[in-house]
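All remarks here apply to the structure that follows.
Scope of the values below: all heavy atoms of this structure, side chains included, with no hydrogens, waters or symmetry mates. The chains referred to below are lettered A, B, ... by the order of the sequence lines, with proteins before strands, and numbering in each begins at 1.
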There are 2 protein chains.
Amino acid sequence: MATVNRPGGADGHVCGIDTAMEVIGGKWKVLILWALHQHPGRRFGELRRLLPGVTEKVLASHLREMEADGVVRRVSYDEVPPRVEYSLTEDGVRLNDALQPLADWGRERAAAPST
Amino acid sequence: MATVNRPGGADGHVCGIDTAMEVIGGKWKVLILWALHQHPGRRFGELRRLLPGVTEKVLASHLREMEADGVVRRVSYDEVPPRVEYSLTEDGVRLNDALQPLADWGRERAAAPST
DNA sequence: CGGTATCCGAAATGATACTG
DNA sequence: CAGTATCATTTCGGATACCG
């Protein structure tokens, strides 16, 4: 997990929300979560195409952080050419599920912008 | 709302999650949401004390963005000395509720770090 | 194919001083 | 009290080139 200066970190935080925010706190992470939930066992290049605009560097670093956070599983097959597949862990699936109400809130708000 | 380069923005995003992520996409925003949910009608200085480490500038700009996003309501009483109270709007309360599963996920994970 | 290394610019945050 | 203004710093993400 990245070592950042968490708001409520030092003296113990009041709710678990900031813990979760760190895990999803990258520009593409929730999209990676979403993509891997819909398309398990995705290869690096495929994932890249599923997320238009992401660069190799950022995708790779996000995936490594998410792997370190235990939400993404990386499976490397020792073949030529190399093949690597990414999926969500159980915890990653639960995280994605926990994101659902937030997605609903966002969709509702998009549907009713004013009043 | 802040104008950022949203991942799925240009061609329409797949889920509402990134819309929500923008609204809570500030270092202290979820904590502000949480604090205002537990302590409605909080004044600027009180809020600042509720969020140890936040600076005036960041708190003020976050509050203004959240107000613009319609999740925070600012009420200014024309008195001397000045008094301003912040609360969540209905939408802000819903957002905070939508954050609950995420907070649960974070708390569970803190409780069970490894398996 | 699946990455890593380096450099760079933008954006977010922080420190401090000042104001109505 | 409740901010704003300015400047410094940090962090993140993007572009590009290269490697096993």
Value in whole Å for how far the [atom2] atom of [N] lies from [atom1] of [X]:
{"X": "B:Leu59", "N": "C:dG14", "atom1": "CG", "atom2": "P", "result": "11 Å"}
{"X": "A:Glu67", "N": "C:dG3", "atom1": "CD", "atom2": "P", "result": "9 Å"}
{"X": "B:Asp18", "N": "D:dG13", "atom1": "CG", "atom2": "P", "result": "14 Å"}
{"X": "B:Leu31", "N": "C:dT13", "atom1": "CG", "atom2": "P", "result": "13 Å"}
{"X": "B:Met21", "N": "C:dA11", "atom1": "CE", "atom2": "C1'", "result": "16 Å"}
{"X": "B:Arg83", "N": "C:dG20", "atom1": "CZ", "atom2": "C1'", "result": "18 Å"}
{"X": "A:Leu63", "N": "C:dG3", "atom1": "CG", "atom2": "P", "result": "8 Å"}
{"X": "B:Leu51", "N": "C:dT13", "atom1": "CG", "atom2": "C1'", "result": "15 Å"}

Can you pull out the residues from residues 40-50 of chain A that lie within a 4.0 Å heavy-atom distance of DNA chain C?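 A:Arg43, A:Phe44, A:Gly45, in order of number.
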
For A:Asp97, enumerate each residue passing the salt bridge (Lys or Arg N to Asp or Glu O under 4.0 Å) test, keeping only those at least two apart in sequence or located in another chain.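 Counting only residues at least two positions away or on another chain, A:Asp97 forms no salt bridge (Lys or Arg N to Asp or Glu O under 4.0 Å).
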
Using every non-hydrogen atom in the two residues, find where [X] and [Y] come nearest and quote the distance to one decimal.
{"X": "A:Pro52", "Y": "A:Trp28", "result": "O-CH2, 3.6 Å"}
{"X": "A:Ser87", "Y": "A:Gly41", "result": "OG-N, 3.3 Å"}
{"X": "A:His62", "Y": "A:Ile32", "result": "CB-CD1, 3.8 Å"}

If I take atom [atom1] from residue [X] and atom [atom2] from residue [Y], how far apart are they, to the nearest 0.5 angstrom?
{"X": "A:Arg42", "Y": "A:Leu51", "atom1": "CZ", "atom2": "CG", "result": "11.0 Å"}
{"X": "B:Asp69", "Y": "A:Arg109", "atom1": "CG", "atom2": "CZ", "result": "5.5 Å"}
{"X": "A:Arg64", "Y": "A:Leu59", "atom1": "CZ", "atom2": "CG", "result": "9.5 Å"}
{"X": "B:Leu63", "Y": "B:Tyr86", "atom1": "CG", "atom2": "OH", "result": "5.0 Å"}

Any [X] side-chain N or O less than 4.0 Å from OP1/OP2 of [N]:
{"X": "A:Arg64", "N": "C:dG3", "result": "no"}
{"X": "B:Tyr86", "N": "D:dG3", "result": "yes"}
{"X": "B:His62", "N": "C:dA12", "result": "no"}

For B:Gln100, enumerate each residue passing the side-chain contact (heavy atoms from CB on, under 4.5 Å) test, keeping only those at least two apart in sequence or located in another chain.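 Counting only residues at least two positions away or on another chain, B:Gln100 forms a side-chain contact (heavy atoms from CB on, under 4.5 Å) with B:Trp34, B:Ala103, B:Asp104, B:Arg107.
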
If the condition is side-chain contact (heavy atoms from CB on, under 4.5 Å), which residues does B:Thr55 pass it with, not counting sequence neighbours?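 Scan of B:Thr55 (side-chain contact (heavy atoms from CB on, under 4.5 Å), adjacent residues dropped) gives B:Lys57, B:Val58.
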
Go nucleotide by nucleotide along DNA chain C from the 5' end; which of A:Pro81 and A:Ser61 gets its closest nucleotide reached first?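 Its nearest nucleotide lies further toward 5', so the answer is A:Pro81.
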
Take A:Arg83 and A:Glu85 through the test salt bridge (Lys or Arg N to Asp or Glu O under 4.0 Å) and record every step on the way to the result. CA-CA 7 Å; A:Arg83 181 161 62 102; A:Glu85 290 184 356; 2.8 Å; yes

Using a 6.0 Å cut-off, check whether atom CD of B:Glu79 has over 12 heavy atoms from anything other than its own residue.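 Enclosed.
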
Using a heavy-atom cut-off of under 4.0 Å over every strand shown, decide if B:Tyr77 touches base, sugar-phosphate, or nothing.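 Contact class for B:Tyr77: none.
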
Counting primed atoms plus P, OP1 and OP2 as sugar-phosphate and everything else as base, spell out the protein contacts along nucleotides 15-20 of chain D at 4.0 Å heavy-atom distance: B, S or - for each nucleotide, 5' to 3'. B-B--B

When the C1' atoms of the five terminal pairs at each end define the local axes, what inter-axis angle does the helix from C:dC1-D:dG20 to C:dG20-D:dC1 show, to 10 degrees?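 End axes: 50° apart.
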
